[in-house]
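Beneath this line is the structure, given in structure tokens, with notes to follow.
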Amino acid sequence: MTVRHVNLLAVVLVAGVAGARPAAGQRDRSADLAAFEARFLEVDQSYTDEARAEAMGRYAAVKQAAGDLSEAELELKLAEIAALADNGHTGVLVGRWTGAYNRMGVRFLITDDGLHVADAIAAHEDLIGSEVATLAGHSLGALRETWARYYPGRAGRRDDALHLFIESPELLHAAGVSDVPESIELILEGGAIAKVGVTDRWPEPEGVWRWLPQARAIELMEAGRIRGNPLYLQEPETLFRFVELPEAGAVYLQFRANHQFGDGASMRRQASQALDRLRTLSPRVVIVDQRFNFGGNLNNTRALMQAIPEIVGPDGRVLAIVSGRTFSAGIASLGYLKQAGGERVTIVGAPVGDRLEFWAEGEPLRLPHSGATFGVATERHNYRTGCPEDDCHGSIRRHPIRVESLEPDVQPEVTYADVVEGRDPYLEEALRLAAK
């Protein structure tokens, strides 16, 4: 998230206490609703006047019905109100759902060729690799439409989190997608039918990944469901990687965040050291992989991004790899890179997870009893104009980004087979372009 890093840390600090489902006797809907009203609806600045009026009307209706709603129904109702802002940083944080709501005995992967069963407990291992035609009678397109009501942002970012919704029969039932909260019926391509119940056998994410989940491909790699050892999935807990690719005359820089959690050196220090190494090596090509960068502090990598085009020189190439998971400070980093390098920067991948103008920077709200947590946005970012307005984030006003577009120049298709066989069409395309 492009929030002050102290706010990112605030999210992490509550991770140890907010994942568990509260006992019925501990629920206090009035306290949760009061907190949502005072610390979300009255604080978030990303709503248009029309959207805020609709949000307040829906909130009044939820207050009236709250006593009759399940925990999942209430959280989804509030998520739907938040999503009316149509702002990627304004909305429910879904990482906690793996501990708060039940989970199916299969795990999915969404790729350019559809929805597939990518992992399963022993009872359903025969389903792995199957393409899903419908889930609870709904096509992938219909599930995406439902999910868009609850989760804001661009389509690729929504797809990145969709599995956290559709893998919970409890949440699907609360959303009116399924008839029962304990199992889901899948119809596979070819017509086979599978009924899948719930399980507690999936590993529980820890630390920051409980709130800002690892990419699904990393989870599948750790589960042994991906063959080979593709570069982009190596060292999954390492948030910044510097890899020399001498056969390509290139250096590969990978960012999984713009902030360093745990005991490692700060991200700003690592970026400074990387800049020194790049100046020593003087590579002809630098590949900057931002596909998993969910954000952090945009100031940590700004100097590095701005310097890379100068380092490769007028005859060099900069290849930026992005995806729908590229978000917040990940987008800002891409913006600084593109602004500095212009046409020498080629963007490869899928569209990033937010628009060039968005709102961010608020203190996340954790509801006191349910543990449902919402991102709150209070300051403007605009990477088209440099954001001169008084309500713009200070760092962007001091260090503006002005770019016409951050859309991919090349968008290779990534299939389910590509992922599980350990192929990386994005990096392959970047290396092909580097060789020109």
Side-chain angles (χ1 to χ4, degrees), residues 11 14 18-102 136 138 142-153 158 161-162 164-166 168-181 211 359 362-378:
V11 175
V14 298
R21 184 196 316 250
Q26 297 174 322
R27 292 174 183 163
D28 186 340
R29 297 285 171 70
S30 62
D32 279 358
L33 290 170
F36 186 80
E37 182 174 0
R39 294 168 55 197
F40 180 83
L41 286 175
E42 295 180 5
V43 174
D44 192 282
Q45 299 299 306
S46 64
Y47 289 91
T48 64
D49 291 343
E50 182 181 30
R52 186 177 298 280
E54 183 175 355
M56 295 305 296
R58 291 199 191 184
Y59 172 71
V62 170
K63 284 181 70 174
Q64 291 293 320
D68 297 325
L69 300 175
S70 69
E71 292 290 340
E73 288 171 331
L74 179 61
E75 184 163 354
L76 288 180
K77 292 288 187 184
L78 297 180
E80 194 167 9
I81 291 170
L84 291 171
D86 193 25
N87 180 58
H89 289 76
T90 300
V92 65
L93 301 183
V94 296
R96 67 177 287 273
W97 284 1
T98 58
Y101 301 112
N102 64 15
H138 293 70
L143 293 168
R144 282 169 163 154
E145 289 182 9
T146 299
W147 182 226
R149 301 205 319 257
Y150 304 115
Y151 200 70
R158 291 199 302 270
L162 178 57
L164 293 167
F165 175 59
I166 64 175
S168 173
E170 191 172 6
L171 286 167
L172 292 173
H173 180 65
V177 173
S178 66
D179 295 330
V180 295
W211 290 92
W359 292 75
E363 195 75 32
L365 165 65
R366 177 183 177 267
L367 300 185
H369 291 280
S370 72
T373 302
F374 295 84
V376 182
T378 59

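- Leu172 has its side chain out of reach of Thr146: every pair of non-hydrogen atoms, C-beta onward, lies at least 4.5 Å apart.
- Residues Ala31 and His369 share a closest heavy-atom pair of CB-CD2, 3.7 Å.
- For the atom pair CZ (Phe36) and CD (Glu75), the distance works out to 10.5 Å, reported to the nearest 0.5 Å.
- Using a 4.0 Å cut-off between charged side-chain N and carboxylate O, Arg52 and Glu42 make no salt bridge.
- Between Thr90 and Pro152, every side-chain heavy-atom pair lies at or beyond the 4.5 Å cut-off.
- Side-chain N or O atoms of Asp44 include none that pairs as donor or acceptor with a backbone N or O of Val376 at under 3.5 Å.
- Shown here for His173 and Asp179, the closest heavy-atom pair between the two residues is CE1-O, 3.1 Å.
- Between Trp97 and Leu164, the shortest heavy-atom contact is CE3-O, 3.7 Å.
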Working note: Arg366 + Arg96, criterion side chain to side chain contact (heavy atoms under 4.5 Å, CB included); need CA distance, chi angles, decisive distance, verdict. CA-CA 11 Å; Arg366 177 183 177 267; Arg96 67 177 287 273; over 6 Å; no
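- Although no hydrogens or angles enter the test, the distance criterion places a donor-acceptor pair under 3.5 Å between the side chain of Asn87 and the main chain of Trp359.
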Start with the C-alpha gap between Glu170 and Glu73, add the side-chain angles, then the distance that decides, and say whether side chain to side chain contact (heavy atoms under 4.5 Å, CB included) holds. CA-CA 9 Å; Glu170 191 172 6; Glu73 288 171 331; over 6 Å; no
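- We find the CZ-CZ distance between Arg39 and Phe374 to be 12.0 Å, quoted to the nearest 0.5 Å.
- Panel note: side chain Tyr59, backbone Leu33; a donor-acceptor pair is recorded below 3.5 Å.
- Within the 4.5 Å cutoff, the side chain of Phe165 has no heavy atoms near those of the Tyr151 side chain.
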Thr48 and Asp86: side chain to side chain contact (heavy atoms under 4.5 Å, CB included), yes or no, with the steps? CA-CA 9 Å; Thr48 64; Asp86 193 25; over 6 Å; no
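- Distance check, rounded to the nearest 0.5 Å: CG of Leu171 to CD1 of Ile166 gives 11.5 Å.
- By the salt bridge (charged side-chain N to carboxylate O under 4.0 Å, His left out) test, Arg58 pairs with Glu54, Glu80, sequence neighbours left out.
- Atoms CG and CG, from Leu93 and Leu365 in turn, are 9.5 Å apart once rounded to the nearest 0.5 Å.
- The shortest distance between side-chain heavy atoms of Thr378 and Val43 falls below 4.5 Å.
- Shown here for Val94 and Ala161, the closest heavy-atom pair between the two residues is CG2-CB, 4.1 Å.
- Listed here is the closest heavy atom pair of Arg149 and Ala175: NH2-O, 4.1 Å.
- For the pair His138 and Arg144, the minimum side-chain heavy-atom distance is 4.5 Å or more.
- Among residues two or more places apart in sequence or in another chain, the side-chain contact (heavy atoms from CB on, under 4.5 Å) test is passed with Ala55 by Leu41, Tyr47, Ile81, Leu84.
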Could you give me the CA-CA distance, side-chain angles and deciding distance for Leu76 and Val92, then say whether side chain to side chain contact (heavy atoms under 4.5 Å, CB included) is met? CA-CA 9 Å; Leu76 288 180; Val92 65; over 6 Å; no
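- Side-chain contact check for Leu78 versus Leu367: some heavy-atom pair is nearer than 4.5 Å.
- Residues Gly91 and Ala82 approach most closely at CA-CB, 3.8 Å, considering heavy atoms.
- Within the 3.5 Å criterion, the main-chain N or O of Ala66 finds a donor-acceptor partner in the side chain of Arg29.
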